[in-house]
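So the structure is just underneath, and the comments pick up after that.
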Amino acid sequence: MGRGRVQLRRIENNISRQVTFSKRRSGLLKKAREISVLCDADVALIVFSNKGKLFEFSSDPSMERILERYERKIYAPTGSESQVCLALNPEILSNICFANWSLESSKLMSTIEVLQRNLRYK
């Protein structure tokens, strides 16, 4: 006999909500670990609680490498698109470069914020 279907809505009771979050978070982290081992996949998982506490999992020793790979994949044009951009319009190429620089800038700003936050707590 299986479990009944759970209604997806916010749990009103704070204690029940925290217990559910904790159980489901550990299950999610377990599944991330399993898929990385069984399928030899690179996995990065980031979860913030409602209080702002960070929980993370990375199959690579450095989560930054996975996130940088993700950003390159998202912001880089595919092979055929990049050839068209280079051949047709240098302005499009400059927009791509600007997007990469703005991405780099936002990464550096977030790193600065983390370092400043760490300095405040020491």
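- Contact check for Ile112 versus Gln116: side-chain heavy atoms found under the 4.5 Å cut-off.
- When hydrophobic clusters are built by joining Ile, Leu, Val, Met, Phe, Trp and Tyr residues whose side-chain heavy atoms come closer than 4.5 Å, directly or via intermediates, Leu67 is grouped together with Leu54.
- The environment of CD1 in Ile46 is crowded: more than 12 heavy-atom neighbours from other residues, nucleotides or ligands sit within 6.0 Å.
- Within the model, atoms CD1 of Ile11 and OG1 of Thr20 stand 3.5 Å from one another, a figure rounded to the nearest 0.5 Å.
- Phe57 and Val37 sit in two unconnected hydrophobic clusters of ILVMFWY residues. Membership requires side-chain heavy atoms under 4.5 Å apart, directly or through other members.
- A salt bridge links Arg10 with Glu12; the closest basic N to acidic carboxylate O contact falls under 4.0 Å.
- More than 12 heavy atoms of other residues, nucleotides or ligands sit less than 6.0 Å from atom CG of Asn13.
- Leu115 CG: more than 12 foreign heavy atoms inside a 6.0 Å radius.
- In the hydrophobic clustering of this structure, Leu28 groups with Val43; members are Ile, Leu, Val, Met, Phe, Trp, Tyr whose side-chain heavy atoms approach within less than 4.5 Å, directly or through other members.
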Go through Ser59 and Ile66 one step at a time and tell me if the side chain to side chain contact (heavy atoms under 4.5 Å, CB included) criterion holds. CA-CA 9 Å; Ser59 59; Ile66 296 176; 4.0 Å; yes
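- Within a 6.0 Å sphere centred on CZ of Arg65, other residues, nucleotides and ligands contribute more than 12 heavy atoms.
- A side-chain donor-acceptor contact under 3.5 Å links Ser110 to the backbone of Lys107.
- Shown here for Met63 and Ser58, the closest heavy-atom pair between the two residues is CA-OG, 3.5 Å.
- Contact annotation: the side chain of Arg17 approaches that of Asn50 to within less than 4.5 Å [non-hydrogen atoms, C-beta and beyond].
- Leu45 places none of its side-chain heavy atoms less than 4.5 Å from the side chain of Glu56.
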Please test Lys30 against Glu34 for side chain to side chain contact (heavy atoms under 4.5 Å, CB included), starting from the C-alpha separation and ending with a verdict. CA-CA 6 Å; Lys30 181 180 175 185; Glu34 288 173 0; 3.1 Å; yes
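- With sequence neighbours excluded, the residues that form a side chain to side chain contact (heavy atoms under 4.5 Å, CB included) with Phe21 are Gln18, Arg25, Val47, Ser49, Phe55.
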